[in-house]
*Asks:* 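Please read through the structure below; I'll follow up with questions.
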Amino acid sequence: MSFQNLGLSDAVVHGVQSLGYVEPTPIQEQCIPLILEKKDLIGSAQTGTGKTAAFALPILTRLGSRKGPRCLVLEPTRELALQVENAFQYYGRFSEVEIGVFYGGVGYDRQKKLLEFGVDVIIATPGRLLDLQQRGLMDLRSIEILVLDEVDRMLDMGFLPDVRKIVELCPKQRQTLLFSATIPPEIDSLASWVLQNPVVIDIGIRRAAASTVTHAFYPVAAAQKFDLLVQLLEQTHYESVIVFTRTKQAADEISDRLKVLKHSVTVLHSDRNQRERIAALEGFKKGTYEVLVATDIAARGLDIAGVTHVINYDIPLHPEDYVHRIGRTGRAEQAGDAFTLVTAEELKAMLDIERLIDQKVPRVRLKDFPYVYTALFDEAKQTLKPVKGYRTSRGVSYGRQRR
Ligand code: AMP
């Protein structure tokens, strides 16, 4: 199957070809014709398999030349909004479609000017979008296509009130598209008010972790987590690594401590101002920094080439977030490693992850790390066959230690 045969406009085909895409990915092949037929859709596929183009290409084809805001794409984070805008701009560079991105943490002037000039596609985070609407600057009554990207996140308790308001500001007669790598079974009832007779496209299972990623759990006592992280960084040949923490404070603290140890590190969380957030992400993408310490704000959707490792310093609270976090590596069929530090208190979260990804993840002990005892070693002993010498505090590897 080629992009030409999917019914896309010549300008859009030219756009993807100029990016070097040769053929559509499975999610693109299935979704593009349905979106062109104006069907409502729930689309899910593994992280990093081209979901953005699956909706951007047919939307750009359908919109043609400028007639006011006709498509709204909602994104959960500013970083993702910027990335999706960037993708639309690239795919649409030979099309006459105006694309604008709207998110908080920055002034209003540029966004106001954009709206005065006129945009066809609005890519936005919910808070700033409602803010602009309440100031009388944004009118959603002409929206024909609504996209909720990372839909399970957009419909969770935190975002739902804002998303409901936004959906109500859009016309009832519209096309609605929902996308995510993790679509929980209850999405059908959660999203029924937003959709009309949707077609469901599932490429692989709805909870799929990228198949190119190797997983490992590292049981450790809470007091030794930082030391183990340092050892892991020292013993691993990585190009770039994202370290996920549960809180902003932990992200700051770990990045400060890694800096002291002369690691090239930057930090991303929602208490940093927008300039700092952009500088952190750009610096990490360019390779100025090898380590990015981040909260779950960086868990979803971000497409950063060459992330060889994801380390979960804190295990994610929701198992779906594990799939998204590790989806930052192993993108576009590249190999990646996902290490997760696990303390005794995190045992349940660990088992929930295994259940969700339907995989037994090897428990690994670092060689030559001076482990103190943690009850988790007993869990590991029951489920795995430790090698001789397992109980010594010097630590013996019973999982595969890569590279
Ligand atoms: P996404 O899942 O939308 O974040 O896309 C993941 C990566 O795959 C991005 O770097 C895209 O540029 C790339 N990509 C998307 N579609 C294709 C395609 N058909 N051929 C090659 N690369 C693609």
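Numbering of ligands and ligand atoms starts at 1, following listing order.
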*Asks:* Between D252 and H269, is any side-chain donor less than 3.5 angstrom from a side-chain acceptor?
*Replies:* yes
*Asks:* Under 4.0 Å from a heavy atom of F3: give me the atoms of ligand 1 that qualify, with their elements.
*Replies:* 19 (N)
*Asks:* With rounding to the nearest 0.5 angstrom, report the CZ to OG1 distance, R78 to T125.
*Replies:* 7.0 Å
*Asks:* Taking only heavy atoms of T49 into account, list the atoms of ligand 1 that are under 4.0 Å away from them.
*Replies:* 2 (O)
*Asks:* Could you give the distance from CD1 (I201) to CZ (F179), rounded to the nearest 0.5 Å?
*Replies:* 9.0 Å
*Asks:* For the side-chain contact (heavy atoms from CB on, under 4.5 Å) test, which of I326, T236, V364, N312 pairs with F339?
*Replies:* T236
*Asks:* At a 4.0 Å threshold, what atoms of ligand 1 neighbour a non-hydrogen atom of G48?
*Replies:* 2 (O), 6 (C)
*Asks:* Under 4.0 Å from ligand 1, counting heavy atoms only, is it the side chain of T52, its backbone, both or neither?
*Replies:* both
*Asks:* Before signing off on this row, confirm whether G50 and ligand 1 have an N or O atom pair separated by under 3.5 Å.
*Replies:* yes
*Asks:* Which option, K51, Q46, E23, owns the non-hydrogen atom nearest atom 19 (N) of ligand 1?
*Replies:* E23
*Asks:* Between Y103 and L129, does the side-chain contact (heavy atoms from CB on, under 4.5 Å) criterion hold? Intermediate values first, please.
*Replies:* CA-CA 7 Å; Y103 53 80; L129 185 80; over 6 Å; no
